[in-house]
Number of protein chains: 2
Amino acid sequence: MDAVLSELVSSGRITDPQSAKGRLMRAAAHLFKNKGYERTTVRELGAAVGIQSGSLFHHFKSKEAILLCVMEETIIINIARMHEALKQADDPKAKLLALIECELASIHTDTGEAMGVLVYEWRSLGEDKQKYILQLRDEYESLWLSTINQGKQAGLIIHDAFILRRLLTGAIGWTTTWYRPNGDISLEALAQQTLQLAIK
Amino acid sequence: MDAVLSELVSSGRITDPQSAKGRLMRAAAHLFKNKGYERTTVRELGAAVGIQSGSLFHHFKSKEAILLCVMEETIIINIARMHEALKQADDPKAKLLALIECELASIHTDTGEAMGVLVYEWRSLGEDKQKYILQLRDEYESLWLSTINQGKQAGLIIHDAFILRRLLTGAIGWTTTWYRPNGDISLEALAQQTLQLAIK
DNA sequence: TTGTAAACCAAGCGCTTGCTTGGTAGGGTG
DNA sequence: CACCCTACCAAGCAAGCGCTTGGTTTACAA
């Protein structure tokens, strides 16, 4: 467990992955990612953690609440990790690479399945919950935009910042469908190739 | 209706958009795109075209068959359009731009909603149907790969062909979530910006 | 030992789902 | 006219869904 994560756990901002609730959320992320939220039943979810379906509602008040919790904690973790990565990079190019590596890591390491859920299952949330998640996402995106704008001032980037960010969001997010960490290209190399898209 | 489309209709390879079945498929694409396949009920679908839910099963043997048909015809149309666009471009750069414009158009013009369904709802198909759609997609992708490889030989491109294609797939596909044709950037300009990602 | 609260089970309720059934209105054809 | 065939409706079935309920087990503190 990295320092950022344990800090968040001990401060109570996110659930301990070791706890019963944490295990349940990981199982939920796994099922929601691979089958989709709607196609995952509470009975499957219960079976995945070895309890009856009804017992889930002792931990969460609804199936939707599980989805929301998975999404919420995932963003919180990754915002914190991005802050940390930015702090350790000095020049604009290194900062941009750091964000790319962070986002790729968020998709392909511990929070990977939850990130997939976050991106592809937001429509299953009620309207007010969607707004809340969107608000957290805005915080995340503002880190990207300010970094890209620093790159523009340094002459690294010729694209419009908003458009570049959106193109990169798609390019990076889509890796969830094809990239496998054990394949013949490392995450770092993939990050480099992605950086080469962005800078001239 | 463009020449490519009417050719496909009159040869019987795809359904006439004017027919009852065609209207039903458009309504289905609309609902599946905006609500998701699982969250769309046959009752809603019937109401959208002004018939009872049970009457749908006179035209299609199952809800899944509607989804499959929407996906299948969408790929067929867009493969045909890409062939046509490639024929009318001469040098590698123009060919690449033509493909980018084609893919952006497929997402943001008549087949747009169906393309969204194709990309995000394939998990709702049974296993054998998934394989069939994947096979059609392979045909589509081979057009891209050969064009990118021509670009590499011409010195336009430094990326690995497979990786570049996948990054571009994501970048272009993601535009469905943010680009609006009536906004302040045209599809052609967006295609140009996307081309700038790919070439050095 | 007793009290309390958290964690869980077994059963099933009420509702929605995709789909089936039996029947009918209407236009074209002999 | 009779005979179809296509397109549709009205009704409802069987299955599966999220979730509730009442009660039991377990852990730990007083």
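Letters A, B, ... are given to chains in the order of the sequence lines, protein chains preceding strands, and every chain is numbered from 1. Heavy-atom basis, side chains included; hydrogens, waters and symmetry copies ignored.
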To the nearest Å, how far apart are [X] [atom1] and [N] [atom2]?
| X | N | atom1 | atom2 | answer |
| --- | --- | --- | --- | --- |
| B:His59 | D:dT6 | NE2 | P | 12 Å |
| B:Arg23 | D:dC8 | CZ | P | 8 Å |
| B:Lys21 | D:dT6 | NZ | C1' | 14 Å |
| B:Arg39 | C:dG18 | CZ | C1' | 17 Å |
| B:Ile66 | C:dG18 | CD1 | P | 10 Å |
| B:Leu67 | C:dT17 | CG | P | 17 Å |
| B:Glu38 | D:dG18 | CD | P | 11 Å |
| B:Phe60 | C:dT20 | CZ | P | 15 Å |

Say you draw a straight line from SG of B:Cys102 to CE of B:Met82; how long is it, rounded to the nearest 0.5 Å?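 Rounded to the nearest 0.5 Å, the SG-CE separation comes to 6.5 Å.
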For residues 130-137 of chain A, run the donor-acceptor check on the side chains, cut-off 3.5 Å, and write out each pair with its distance to 0.1 Å, sequence neighbours left out.
unit_1, atom_1, unit_2, atom_2, d
A:Gln130, NE2, A:Trp122, O, 3.4
A:Gln130, NE2, A:Leu125, O, 3.0
A:Tyr132, OH, A:Glu72, OE2, 2.8

Report the nucleotide, chosen from C:dC8, C:dG18, D:dG18, that has the shortest atom-to-atom distance to any side-chain atom of B:Thr41.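 Selected nucleotide (nearest to the side chain): C:dG18.
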Counterpart residues, salt bridge (charged side-chain N to carboxylate O under 4.0 Å, His left out), relative to A:Glu38 (two or more places apart):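 Per chain and number, A:Glu38 pairs via salt bridge (charged side-chain N to carboxylate O under 4.0 Å, His left out) with B:Arg39.
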Report yes or no: do B:Glu84 and B:Gln88 form a side-chain donor-acceptor pair below 3.5 Å?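 Checked: B:Glu84/B:Gln88 side chains pair up, N/O donor to acceptor below 3.5 Å.
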I'd like to know if the side chain of A:Thr111 and the backbone of A:Ala114 have a donor-acceptor N/O pair within less than 3.5 Å.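 A pair under 3.5 Å: no.
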Detail all sub-3.5 Å separations between protein N/O atoms and N/O atoms belonging to nucleotides 10-12 of chain C.
none

Under 4.0 Å from OP1 or OP2 of D:dT20: is there any side-chain N or O of A:His58 that close?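 For A:His58, the contact criterion (side-chain N or O under 4.0 Å from OP1 or OP2 of D:dT20) is not met.
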When we call it a touch if two heavy atoms are under 4.0 Å apart, what does A:Gly50 touch: a base, just sugar-phosphate, or nothing?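 Sugar-phosphate, backbone atoms only, no base.
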Contact list for residues 149-173 of chain B, test side-chain hydrogen bond (donor to acceptor under 3.5 Å, both in side chains), sequence neighbours left out: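 Of all non-adjacent pairs touching residues 149-173 of chain B, those that pass side-chain hydrogen bond (donor to acceptor under 3.5 Å, both in side chains) are B:Glu103-B:Arg165, B:Glu141-B:Arg165, B:Arg165-B:Thr169.
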Passing candidate, side chain to side chain donor-acceptor pair (under 3.5 Å) with B:Thr15, options B:Glu73, B:Arg26, B:Lys21: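 Single side chain to side chain donor-acceptor pair (under 3.5 Å) partner of B:Thr15 among B:Glu73, B:Arg26, B:Lys21: B:Glu73.
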To which residues is A:Phe162 joined in a hydrophobic cluster, defined by side-chain heavy-atom contacts under 4.5 Å among Ile, Leu, Val, Met, Phe, Trp and Tyr, whether direct or through other members?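 A:Leu145, listed by chain and number.
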Are any protein N/O atoms closer than 3.5 Å to N/O atoms in nucleotides 25-27 of chain C? If there are, list each pair with its distance.
none

Can you establish whether the number of heavy atoms outside A:Arg13 located under 6.0 Å from its atom CZ is more than 12?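 Not buried by this count: 12 neighbours or fewer within 6.0 Å.
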